[in-house]
Each structure stands twice: as C-alpha cells, then as structure tokens.
Amino acid sequence: MYNSESGWSLSFAGCGFLGFYHIGVSRCLMERAPHLLRDARTLFGASAGALNCVSILCGIPLDITLQVLMNMVQNIRRRNFGILHPSFNLGKYVRKALYENLPANVHTLISGKICISLTRVSDGENVLVSDFQSKDEVVDALSCSCFIPFFSGLIPPSFRGVRYMDGGMSDNIPSMDAKTTITVSPFYGEYDICPKVKSTNFLHVNISNNSLRLCLGNIYLLSTALFPPDFKVLGELCLRGYLDAFRFLEENGICDRPQPCLELSSQETESEVSEPLLENLSLECPLGSVASEMRLEEGELLAHLRLSILPWDDSILETLSPKLTLALSEAIKHRGGYVSKICNFLPVKIMSYMMLPWTLPVESAIAIVQSLVTWLPNIPEDVQWLQWATSKICARLVMCLLSTSRSQIPPSGQGVPIQTRHDWHSGLQLPCEPGHCPTDCPGEAKVEVTPQFILKSDLTFLGKKV
C-alpha cells in the first residue's frame, strides 16, 4: 500500500522465469514515478524479485538485463528436456551471470537498501539479509535465494556458512510493514501491482505469503515460472508488467505528470558503478508514440499483446514505453537466426528425440565429469552436510513411525477383554472382532490381550503371516 506521508517500501515476489514481469514494472516506475524507487525505504525481494531489486539499485542497463535473461532462456529451450536436461545447471548459470554483470562495488550500493528473502534449510525459517561486506556475499545471497531444489541442483548453496534455499518457500512477499509496502507479483491475486481479471471467483489460496486466486491463468503462470515459454510470450509478459504498473499509478493519482524518460549515464557500462541509476532519473524528456518508432518487422510482439488484452484499445500503444518495446523487439529478433529456425522444424525435432538413446548418455556423462571436477574443492563440506541431512531425515521418519505405532497401543495397565475364535485351518486362537463372535465359540476362549500381543499381531499381519 502506498502512503506518501509515512513512507513506503516495495516488495517484488519470487516468480522464476516470470521475472520479465518485474522488468516491465520497474521500467514503468522509473519513467513515470521515479520517486517511488528513489525514495523507497527498502526494496524487498525473493528469488527473481531479489535479482530485479539488485538490478535497479546497481543501475544495470535495460538491454544488458534482457540479453542475460534471453540467453538463459535460449540455453534452456534448445535442449530436449529443457531445464531438466543433465547438461544444464541453473544454479551455476545464475552464479556465473551475477559475477559477470554485477559491478565490483555492488555490496556498497545495495547494503541497507535491500532485503533478500532466504529460507534456512535446517529449520525452514525465513531470513532477511540486508548487509553485505563484499561482492562474493551478494552473489552467495542471491544464489541461495534463487536455489530451487532439484531444479537448481541437489546440494543447496551456503551464505556465511549456513545452507539456504529459495526464499519464496518461506516468504515469497517479504516485508517489514505490510501496510506501507507496495507489493508486485505476476500472479493473479491480492497485490498492489499484478494482473487483474474480471471474474466472480473470489477463492484464494495463501502459500508462503502468496495470495493466489484460484483460476486457470495462475495455473499457467505457475508452470511458466518453472519452464520458460517462447520469447514472444516473455516479451508480452514484460509489457503487461508495464501496463499493470501504469494502472496502479493512475489509480493512486501518482502519474499526473508528462511521460518521463531515463537519462542514461555513460558510466552504466563500466564494471565499477559510483552511484545507483535511481539518482540519474530525469523528467525532462517526453516519450513519443510507440507506433511511430516500431518498425514493421517488430510488430509481432504487439500482436501477442493484442490477443492477451481483450477488449483491445489502440490507446494502449500510447501508454507503452518505446524504449522498452524496442529493446524487447531487438532481443527477440536476435534469437531467430537460421540455425534456430532449422532446429525448430518438426522433422529435425523428431530426429533429435529419436537420437536421445545415444546422445543423452554421452551428454550426461560429460555433465557428470564436469560437475565432479568443479565439485572437488567442496566435497568434504558437502558430504558432511549430506550426512547430517540424511540422519535428520531418518530420525524424523523413525519418530513418525513410533508416534503412529504408539497411537494404536492402549494405555499401559488397561487390558481389553475380548473374545477369541478358533482358526480351524491353523489350530490357532485369534481374537474375535467386537460383535462378531460365533455362537460355537467356547466361553473359556476369552482372553485378555496385552499391548505386546497387539504389536506382535500387527507385525505378523504386515509380514502376511495370517
């Protein structure tokens, strides 16, 4: 909720590959209401939301951000099993991209201005981290916040000696004061900036502080968050984020000025950034119409947007940012080379799947060897953690089994007198079920069953010795 008197914060939800939505939202806030980002007390984020917060505070250019994300999606989609292919490691890819694109003084730029949501592996509690001493600590914290078990790897990374995983598993919309925090999420739900749907369905489910509307749209978005769709769908998602943020500004009476633009500084491309991009925001340059700057071959992106927004209004083109639309079009156009078109032919795809029994073992073997080589320095620490995790899981299973067996045993000293019947096939006497004792059952066959006898009977039944 926006409150100009008491101050405000922004919280970006964890959303996997739906992080393109956050790019559109951030671009709209930078252009039309830069004070929301510049004067915010704290930027909260989990997973992809945390990456977006760091990108805002460090002033990473829009084209570089789109290029990094598009490269990652391209590397995933060109594999037959996508993100599940053994030759692709999402955790290593994210870590490498962070080291290559974050400035050397990133820790000084974001310390005290951001809170990264982490989930502690040992007890599942949520931890917010806001102070960093070096670039390595920033990369470690972001790697932990983006770690999805089995998708990013098996062994979670560590931050300051403690194992953490995706912050969205414990708190996907982190905040200190919910009343003064502007929440951003690409899912349909109860957020300040999110997609809106006109529906009579008011059913919601709350998962990890995520208030999700029960609708087919959210089911599709949840699958898209883990398995990236086509580039044009991601570009459309980015534009939807821009439009949703613009609607939020209009509803709150914030966007009441001429359409602004960013005055980019020449220091943005340097590895060392002296000031965040938020301090270089300018309101002097008005935006023009998107239609006048879009070339004919770049209209495919808007075609997807027209199909998703019904009813369509041509005034939407005047609302969109020309810089964002052109950057998305350029990023998507560069992904459609001749090699990509050939690989997307149906016969080529069928042939690649038919060759999987021969290619997959080779690719898996190469990936395992490369992983072992890079894992060698961390083997002792990781093996020790695996032993601890295995022992904890086994102890919890034993406790669950014991509690279940104890709940089936009557209290000590309170025997239950029940009747027995003869098993004429084995010559054994079995306890009669209550109310089902045969008429020829002898009266002296009544016995008092002890807890030890019940436990022994249960074990015999599980062993199928009936």
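Values below: every heavy atom of this structure, side chains too, minus hydrogens, waters and symmetry copies.
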**Student:** Is the positively charged end of R41 above the ring of W8, judged by distance under 6.0 angstrom from the centroid and angle within 45° of the axis?
**Tutor:** no
**Student:** F12 vs L10, test: side chain to side chain contact (heavy atoms under 4.5 Å, CB included). Steps then yes/no.
**Tutor:** CA-CA 7 Å; F12 294 87; L10 285 95; 4.1 Å; yes
**Student:** Heavy atoms, side chains only, cut-off 4.5 Å: are V233 and T224 in contact?
**Tutor:** no
**Student:** Determine the minimum heavy-atom distance between P156 and W385, stating which atoms define it.
**Tutor:** CD-CH2, 3.4 Å
**Student:** Let me see the working for D131 and E137 under side chain to side chain contact (heavy atoms under 4.5 Å, CB included), right down to the final yes or no.
**Tutor:** CA-CA 9 Å; D131 183 56; E137 286 193 352; over 6 Å; no
**Student:** Taking all non-hydrogen atoms of both residues, which atom of V127 and which atom of Y164 are closest, and how far apart?
**Tutor:** CG2-CE2, 3.9 Å
**Student:** If you compare all heavy atoms of H22 against all heavy atoms of P186, which two are closest, and at what distance to 0.1 Å?
**Tutor:** CE1-CD, 4.1 Å
**Student:** Would you mind reporting whether V184 and S11 have side-chain heavy atoms less than 4.5 Å apart?
**Tutor:** no
**Student:** Got F17 and M72 here, is their nearest side-chain heavy-atom distance under 4.5 Å?
**Tutor:** yes
**Student:** Please tell me if the side chains of L128 and I116 come closer than 4.5 Å, counting only heavy atoms from C-beta onward.
**Tutor:** no
**Student:** Any side-chain donor-acceptor pair under 3.5 Å between D166 and S145?
**Tutor:** no
**Student:** Could you pull out the closest heavy-atom pair between I64 and I60, with the gap in Å?
**Tutor:** CG2-CG2, 4.1 Å
**Student:** Exactly one of K135, R95, R160 should register a side-chain hydrogen bond (donor to acceptor under 3.5 Å, both in side chains) with D140. Which one does?
**Tutor:** R95
**Student:** Do any N or O atoms from the side chain of N105 and from the backbone of T108 form a donor-acceptor pair under 3.5 angstrom?
**Tutor:** no
**Student:** Just checking, is any N or O donor in the side chain of N172 or S117 under 3.5 Å from an acceptor N or O on the other one?
**Tutor:** no
**Student:** Report the C-alpha distance between L221 and L18 in whole Å, list the side-chain angles of each, state the deciding distance to 0.1 Å, and finish with yes or no for side chain to side chain contact (heavy atoms under 4.5 Å, CB included).
**Tutor:** CA-CA 8 Å; L221 291 175; L18 299 180; 4.0 Å; yes
**Student:** Between F151 and F227, is the ring centre distance below 6.0 Å?
**Tutor:** yes
**Student:** If you define the side chain from C-beta out and look only at heavy atoms, does anything of F159 sit under 4.5 Å from V129?
**Tutor:** yes
**Student:** Tell me whether K392 at atom NZ has more than 12 heavy atoms from other residues, nucleotides or ligands lying less than 6.0 Å away.
**Tutor:** yes
**Student:** Please verify the inter-ring angle class for F88 with Y93; under 30° counts as parallel, over 60° as perpendicular, anything in between as tilted.
**Tutor:** tilted
**Student:** Any heavy-atom pair between the side chains of R120 and V162 that's under 4.5 Å?
**Tutor:** yes
**Student:** Going through the distances and angles, do L66 and D63 end up as a side chain to side chain contact (heavy atoms under 4.5 Å, CB included)?
**Tutor:** CA-CA 5 Å; L66 292 176; D63 53 348; 5.9 Å; no
**Student:** Scan side-chain atoms only and decide if Y242 and R32 contain a donor-acceptor pair under the 3.5 Å cut-off.
**Tutor:** yes
**Student:** Show the nearest heavy-atom pair for residues A141 and F132, with the distance to one decimal.
**Tutor:** CB-CE2, 3.7 Å
**Student:** Side chains of E250 and N252: any donor to acceptor distance under 3.5 Å?
**Tutor:** no
**Student:** Taking I56 as the fixed residue, which of L37, I114, I23 is the one that meets the side-chain contact (heavy atoms from CB on, under 4.5 Å) rule?
**Tutor:** L37
**Student:** With distance as the sole test, does S391 use its side chain to make a donor-acceptor pair with the main-chain N or O of Q387 at under 3.5 Å?
**Tutor:** yes
**Student:** Of all heavy-atom pairs between Y21 and D244, which one has the smallest distance, and what is that distance?
**Tutor:** OH-OD2, 2.7 Å
**Student:** With a 4.5 Å limit on heavy-atom distance, are the side chains of R396 and I393 in contact?
**Tutor:** no
**Student:** Can a side-chain donor-acceptor contact be found between S87 and R79 if the only test is distance below 3.5 angstrom?
**Tutor:** yes
**Student:** Answer yes or no: is there a donor N or O on one side and an acceptor on the other, between the side chain of D171 and the main chain of N126, under 3.5 Å?
**Tutor:** no
**Student:** Contact between L239 and L328 at the side-chain level, heavy atoms closer than 4.5 Å - yes or no?
**Tutor:** yes
**Student:** Can you tell me if CG on L397 sees more than 12 non-hydrogen neighbours from other groups inside 6.0 Å?
**Tutor:** yes
